[in-house]
Amino acid sequence: MGQQAGRRSWAEPWKIKMVEPLRVVSREQRERALADAGYNTFLLRSDDVYIDLLTDSGTNAMSDRQWAGLMLGDEAYAGSRNFFHLEEAVQRRYGYRHLVPTHQGRGAEHLLSKVAIQPGQFVPGNMYFTTTRAHQELAGGVFTDVIIPEAHDPSDRHPFKGNVDLGALEALIAREGAGRIAYVSLAATVNMAGGQPVSMANVRALRALCSRHGIRIMLDATRLVENAFFIQEREEGFATRSIADIVHEFCSYTDGAWMSSKKDSLVNIGGWVAVNDTALFEELRNLVVLYEGLHTYGGLAGRDMEAMAIGIEESLQDDYIRARIGQVRYLGDLLTDWEIPIVQPVGGHAIFLDARAFYVHLPQDLFPAQTLAAELYLDSGIRAMERGIVSAGRNPLTGDHTRPRLELTRLTIPRRVYTQAHMDVVAESVKNVHDNRAWARGLRMVYEPKYLRFFQARFEPLPSN
Ligand code: F0G
């Protein structure tokens with residue numbers, strides 16, 4: 001009582017029924033594993049990882065109801081009953097008319113980019129995402145960043161750092177003409193900016209602008225549920241609206257969406273693309289047969305679609321999303337209290353360490369964010385991911401490094417997997433690496449693959465002098 005009287009903490013709206021042991025690896029093993037992996041955390045074996053914060057993608061813990069759903073898989077080649085469950089769930093919750101399932105998000109990005117982009121057309125978006133931009137460029141599109149400038153500053157506390165800069169978009173339309181714009185590629189929340197949300201006011205205004213010019217808005221709905229939480233929390237008039245309601249309204253301002261269900265929808269695999277326009281749908285439904293599988297399974301098993309349909313419903317529960325983001329914030333608050341530089345405000349799915357501020361002595365060409373991910377793994381066996389110059393890749397026209405202002409290392413929190421005690425251990429390891437930051441020397445890239453280099457690139461440490 002006393003000081004704490006009246007306090008009400010959030011807690012997970014679930015309890016744990018099954019556990020998976022973690023492996024603690026010794027410092028010597030970690031040194032060997034990291035060298036074998038070319039100092040790239042994507043190339044580590046998961047058996048050599050203690051707490052895995054590489055990604056929140058496909059790493060979710062499913063509920064007992066989802067596991068039960070797997071047993072109801074209808075593995076018919078065509079017309080599986082689980083497809084219709086998924087279609088109903090997407091229509092009810094996201095509100096689009098037509099659904100095409102895909103094996104995961106990038107399968108959907110591939111199809112949509114192929115049917116909706118003419119070579120040479122611009123694809124303005126609120127910051128790039130790696131796979132999204134890669135597919136847009138493969139289809140001949142020219143990605144153009146139209147996120148508000150605040151998004152590029154890790155310390156700017158704008159509440160909706162994912163917003164589209166409507167002035168910048170209007171200038172692009174004026175310069176190039178609406179006919180040269182394939183569609184607006186709108187992400188909610190914005191992964192590469194730090195999991196930052198888009199406001200409802202911004203998407204409404206974007207709708208009005210695009211309608212005036214006859215331009216489509218295609219939504220990356222991968223983490224829209226997390227975006228809805230921030231709208232409920234921060235935007236006037238939404239405090240008493242449900243998460244489900246906010247998600248539905250947001251989608252209503254867009255013409256279609258693609259989804260990596262491996263995030264918000266609490267499954268381990270799956271995705272979809274959904275649109276309102278029947279002609280566009282028919283093209284997508286035809287193309288999916290070529291690349292993914294028949295239009296009623298899109299590369300998935302029937303059981304996967306059932307787990308997705310159930311996961312959509314679970315993801316929209318207000319108490320679920322509050323605990324989900326509460327856990328991310330808990331870690332963010334610990335690091336903020338210790339004055340460790342992170343992207344502020346804390347976003348929906350991850351803590352992004354600001355590697356530029358962390359290693360002020362390392363130029364971007366020495367890969368500070370990649371170095372930080374390597375140092376964290378060495379310190380404790382925690383696996384993070386680079387989101388800086390390596391992820392940004394090269395300019396397809398000039399071949400130069402793309403040099404993003406944000407040089408970040410992402411600690412991504414899987415959904416319903418780790419506890420608050422794990423977050424304490426993570427924070428303490430980050431603090432230790434921060435305390436020893438002056439000793440970091442940086443890395444040199446020794447192997448660079450052509451596409452999405454961050455997945456498979458290899459590095460060597462620079463010698464200490
Ligand atoms: N869009 C966003 C915003 C994403 O974060 C991802 C994947 C995709 C699309 C592609 O979906 O992986 O199912 O093919 N992001 C993962 C991550 C890989 O770790 O952030 P996918």
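Indexing begins at 1, ligand by ligand and atom by atom, following the structure's order.
- In this model, a donor atom of one side chain and an acceptor atom of the other lie less than 3.5 Å apart for Gln232 and Asp318.
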Report every pair formed by an N or O atom of ligand 1 and a protein N or O atom separated by less than 3.5 Å, giving atom names and the distance to 0.1 Å.
from: ligand 1; atom 1: 1 (N); to: Asp220; atom 2: OD2; distance (Å): 2.6
from: ligand 1; atom 1: 5 (O); to: Asn191; atom 2: ND2; distance (Å): 2.9
from: ligand 1; atom 1: 5 (O); to: Arg223; atom 2: NH1; distance (Å): 2.9
from: ligand 1; atom 1: 11 (O); to: Ser260; atom 2: OG; distance (Å): 3.4
from: ligand 1; atom 1: 12 (O); to: Gln104; atom 2: NE2; distance (Å): 3.4
from: ligand 1; atom 1: 12 (O); to: Arg106; atom 2: NH2; distance (Å): 2.9
from: ligand 1; atom 1: 12 (O); to: Lys263; atom 2: NZ; distance (Å): 3.3
from: ligand 1; atom 1: 13 (O); to: Gly105; atom 2: N; distance (Å): 2.8
from: ligand 1; atom 1: 13 (O); to: Ser260; atom 2: OG; distance (Å): 2.6
from: ligand 1; atom 1: 14 (O); to: Gln104; atom 2: NE2; distance (Å): 2.8
from: ligand 1; atom 1: 14 (O); to: Gly105; atom 2: N; distance (Å): 3.4
from: ligand 1; atom 1: 14 (O); to: Arg106; atom 2: N; distance (Å): 2.8
from: ligand 1; atom 1: 14 (O); to: Arg106; atom 2: NE; distance (Å): 2.7
from: ligand 1; atom 1: 15 (N); to: Lys263; atom 2: NZ; distance (Å): 2.9
from: ligand 1; atom 1: 19 (O); to: Thr55; atom 2: OG1; distance (Å): 2.7
from: ligand 1; atom 1: 19 (O); to: Arg410; atom 2: NH2; distance (Å): 2.7
from: ligand 1; atom 1: 20 (O); to: Asn191; atom 2: ND2; distance (Å): 3.0
from: ligand 1; atom 1: 20 (O); to: Arg223; atom 2: NH2; distance (Å): 3.4
from: ligand 1; atom 1: 20 (O); to: Arg410; atom 2: NH1; distance (Å): 2.9
from: ligand 1; atom 1: 20 (O); to: Arg410; atom 2: NH2; distance (Å): 3.4

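- Between the side chains of Asp379 and Ser429, at least one donor N or O lies within less than 3.5 Å of an accepting N or O.
- Atoms CD and CG, on Glu306 and Leu72 in that order, are 5.5 Å from each other to the nearest 0.5 Å.
- Phe281 and His98 have parallel rings, their planes meeting at less than 30° on a 0 to 90° scale where 60° marks the start of perpendicular.
- Between Glu313 and Arg92 there is a salt bridge, since at least one side-chain N of the basic residue sits less than 4.0 Å from a carboxylate O of the acidic one.
- The minimum heavy-atom distance between Arg234 and Pro159, with the atom names listed, is NH1-O, 2.8 Å.
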